[in-house]
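Given the structure is predicted, the values throughout are model-derived calculations rather than measurements. Residue numbers begin at 1 in each chain, while the letters A, B, ... track the order of the sequences.
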There are 2 protein chains.
Amino acid sequence: MSTATPPDADDAHDGGASPAMHERVLEAVGSAIAAGSLPPGSRLTLEGLQQEYGISRTVARDSMKVLESMNLVYSRRRVGIVVQERRLWNLFDPKLVRWRLGSVRRDIQYSSLTELRIAVEPIAAAGAARRASAAERARLVYLAAELRRLGEAGELEAFLAVDIEFHCLLLQSCGNEMFTALEGMVAEVLTSRTQQGLMPFKPRNEALQAHEDVAVAVARGDAVAAETAVHHILDEVRNAMGLH
Amino acid sequence: MSTATPPDADDAHDGGASPAMHERVLEAVGSAIAAGSLPPGSRLTLEGLQQEYGISRTVARDSMKVLESMNLVYSRRRVGIVVQERRLWNLFDPKLVRWRLGSVRRDIQYSSLTELRIAVEPIAAAGAARRASAAERARLVYLAAELRRLGEAGELEAFLAVDIEFHCLLLQSCGNEMFTALEGMVAEVLTSRTQQGLMPFKPRNEALQAHEDVAVAVARGDAVAAETAVHHILDEVRNAMGLH
DNA sequence: TGACACCAAAAGATAGTATCTATGGCTCGA
DNA sequence: TCGAGCCATAGATACTATCTTTTGGTGTCA
C-alpha cells in the first residue's frame with residue numbers, strides 16, 4: 001500500500017468510467033466530421049485539440065492518426081490537420097458508419113446501407129446454400145419458423161431480434177468473409193427500420209413465406225432458389241425505398 | 001547508432017522520398033498479420049517494435065493505434081499488443097485489402113472481392129440508370145463501343161483499362177457513396193483477372209454485347225434492363241468461379 | 001506430509017504527460 | 001522572385017500512473 005494512491009478527488013474530471021481519453025476525443029472529432037459540422041477543408045491543430053479537450057499531445061496525436069487512417073483527415077506541416085473531402089473517406093469503416101447513423105445525415109447512410117443489403121444478401125444466401133454447415137441450415141429453418149410465430153403474434157421486438165439473427169446467420173454461413181463483416185451494418189439497418197416505424201405492424205405473409213423459402217432452399221442446398229427467395233424478401237424493402 | 005540522433009547515414013532506406021517512418025512500420029506489421037506470419041494471438045510489445053525497427057516509442061504507438069482502429073490488434077496492459085482473430089478484422093479497409101492481395105492468401109481475398117462485385121454491380125447499374133448524369137450516360141455508351149473495338153482487335157491491355165473505367169463509372173454514377181467507395185477494389189479485381197490469364201484472349205461476343213446492353217439501358221434510364229444486363233456480364237465470372 | 005485454495009505483493013506492460021529537437025512549407029517583405 | 005522567418009507536425013525521450021497477470025507464500029484439509 002505504500003504506493004501512495006493519493007485519494008485525489010480531482011480524478012473526477014476524468015469523467016469517471018472513462019472509456020480511454022483518446023476514444024473520447026476520437027468520437028467527438030470523428031462524429032463532428034461525419035455530421036458535417038467540421039466540413040471538408042476545416043483545419044485543426046494538435047495544440048487546439050489539447051486545449052479544447054484538456055489532453056496531452058500524445059492523446060491528440062493518437063486520435064488524429066486513427067482519423068487519418070480512415071481518410072477523414074490528412075495532416076501537413078505548417079498547416080495542421082485538414083478534413084478530407086467526403087469522396088475520399090473510408091465509408092466502410094464501422095466507426096464512420098456509426099457516426100453517420102448518429103448524425104443528421106442519418107438518412108443518406110441508411111439508404112446506402114439498405115441498398116448494399118439488397119445487393120449482398122441474395123448472393124450471401126446462394127453462398128450459404130452451397131457452404132453452410134448442417135447446424136447452420138437447421139438453425140435457419142428454426143429461425144424462419146420462429147419468425148412466423150412471432151410475426152403472427154405481433155411481437156415486433158422479439159421478431160426484430162430473430163430477424164437480425166436470421167439475416168446475420170446467412171452472412172456468417174455464406175463462406176465470404178467480407179459479407180460476414182457486414183453483419184453489424186445489417187443489424188443496424190434492421191433495427192433502425194423497426195425503430196422508425198417503417199415495418200408494418202404485422203409482417204406481411206409474403207415476407208414470412210419468403211423467409212421460410214430461404215431457409216428451406218438453403219437447407220436443401222438449392223442456391224438459385226435461395227437467391228430468388230431473398231430477392232422476394234427484399235422486394236418489400238425496395239418498394240419502400242421507391243426503387244423499381 | 002546509439003540513441004543519439006545520428007543524422008543517420010545508415011538510414012539508407014530513407015533514400016529520398018521516405019514514406020514516413022510510421023508507415024513503414026505499419027506496412028511491415030500490417031502485412032505480416034494479413035499474411036498470417038503473425039497469427040491471431042501473437043503478441044508484440046512497443047519495446048520490441050522500437051528495437052526491431054529502430055524507432056521511437058511515439059512511432060510505435062502511432063502504428064499500433066492505426067492497426068487497432070482496423071481491429072487487427074488490441075492492446076492490453078501487462079500483456080502487450082495482441083493480434084485479433086481474423087473474424088473481427090475490418091475487412092473493408094483498403095489497406096488490409098491491399099495487404100491481403102499482396103500475400104499468400106491472395107486467392108481468398110480475390111474470390112471474396114469477386115463475389116462482392118457480383119453482388120454490387122447489378123444494383124449499381126440499376127442506380128446509374130436512375131441517377132446518372134447525361135455526361136455519364138454518354139460516356140458509358142462510348143466506353144461500351146470502345147470495348148467492342150478493342151476486344152475484337154484483341155488489344156487486351158487497352159481493353160482492361162477501358163473495362164475498368166466502364167465498371168468504375170457505373171459505381172460512381174449510381175448515387176450510392178458506399179458503392180463508389182468500392183471502385184478501387186473492383187479495379188484490383190479486374191486487373192488481377194487479366195494478369196492471371198483468367199480472361200479469354202478475345203472477350204466473348206456475349207460479354208461485349210452485354211456491356212453495350214448495360215450502356216444503352218442506363219442511357220435510356222431502364223433500371224431493370226441495366227441490372228439484368230450486368231447479370232449477364234457477371235455470369236461469365238460466376239461460371240469461372242464455379243458458382244451456379 | 002502433500003495437495004489444494006486463497007490472498008497479497010511484485011512485475012511487466014500500456015496509458016498518458018511533458019518537453020525537446022528536426023524539418024517542411026507558407027507567408028511576407030525586400 | 002527569392003529568401004528569411006515562423007508555425008505546426010514528425011519524431012525522440014523520459015517520466016508517472018495504472019492495470020492485471022504471475023507468482024509465491026500461507027493456511028487448511030485430507
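Note: CD (B/E47) to C1' (C/dG12) measures 11 Å, nearest angstrom. Taking atom CD on A/Q50 and atom C1' on D/dA8, their separation rounds to 12 Å, with Å as the unit. Between the P atom of D/dC7 and the CZ atom of A/R43 lies a distance of 14 Å, rounded to the nearest Å. Nucleotide C/dT17 holds its P atom 13 Å from the CG atom of A/L49, rounded to whole Å. Rounded to an integer number of Å, the gap from CG of B/L46 to P of C/dA13 is 10 Å. Between the CD atom of B/Q51 and the P atom of C/dA13 there is a distance of 11 Å, rounded to whole Å. When rounded to the nearest whole Å, the span between CE of A/M64 and P of D/dA8 equals 16 Å. Atom CZ in A/R57 sits roughly 19 Å away from atom P in D/dA14 (whole-Å rounding).
In this model, no donor atom of one side chain and acceptor atom of the other lie less than 3.5 Å apart for A/Q109 and A/S112. Side-chain contact check for A/E136 and A/S133: at least one donor-acceptor pair (N or O, by modelled atom type) lies under 3.5 Å.
A sub-4.0 Å separation between OP1 or OP2 of D/dG11 and a side-chain N or O of B/H22 is present. One finds no side-chain N or O of A/S75 lying less than 4.0 angstrom from the OP1 or OP2 phosphate oxygen of D/dA8.
Between the side chain of B/R76 and the base of C/dA13 there is no donor-acceptor pair of N/O atoms closer than 3.5 Å. For A/R61 against C/dG16, a side-chain-to-base donor-acceptor contact under 3.5 Å is absent. A donor-acceptor contact under 3.5 Å links the side chain of B/R77 to the base of D/dT18.
Note on A/K65 versus A/E68: salt bridge recorded, some NZ/NE/NH1/NH2 to OD/OE distance being below 4.0 Å. With respect to B/R100 and A/E177, a salt bridge is recorded, a charged nitrogen being found less than 4.0 Å from a carboxylate O. Residues A/E115 and B/R131 are paired through a salt bridge, judged by an N-O separation under 4.0 Å between the basic side chain and the carboxylate.
Checking C/dT17, C/dA15, D/dA8 against every side-chain atom of B/K65, the shortest atom distance belongs to C/dA15.
Heavy atoms of B/T58 sit under 4.0 angstrom from at least one base atom.
Taking for each of A/S56 and A/R78 the nucleotide of DNA chain C with the nearest heavy atom, the 5'-most of the two is the partner of A/S56. If A/V79 and A/G54 are placed on DNA chain C by their nearest nucleotide, the residue sitting closer to the 5' end is A/G54.
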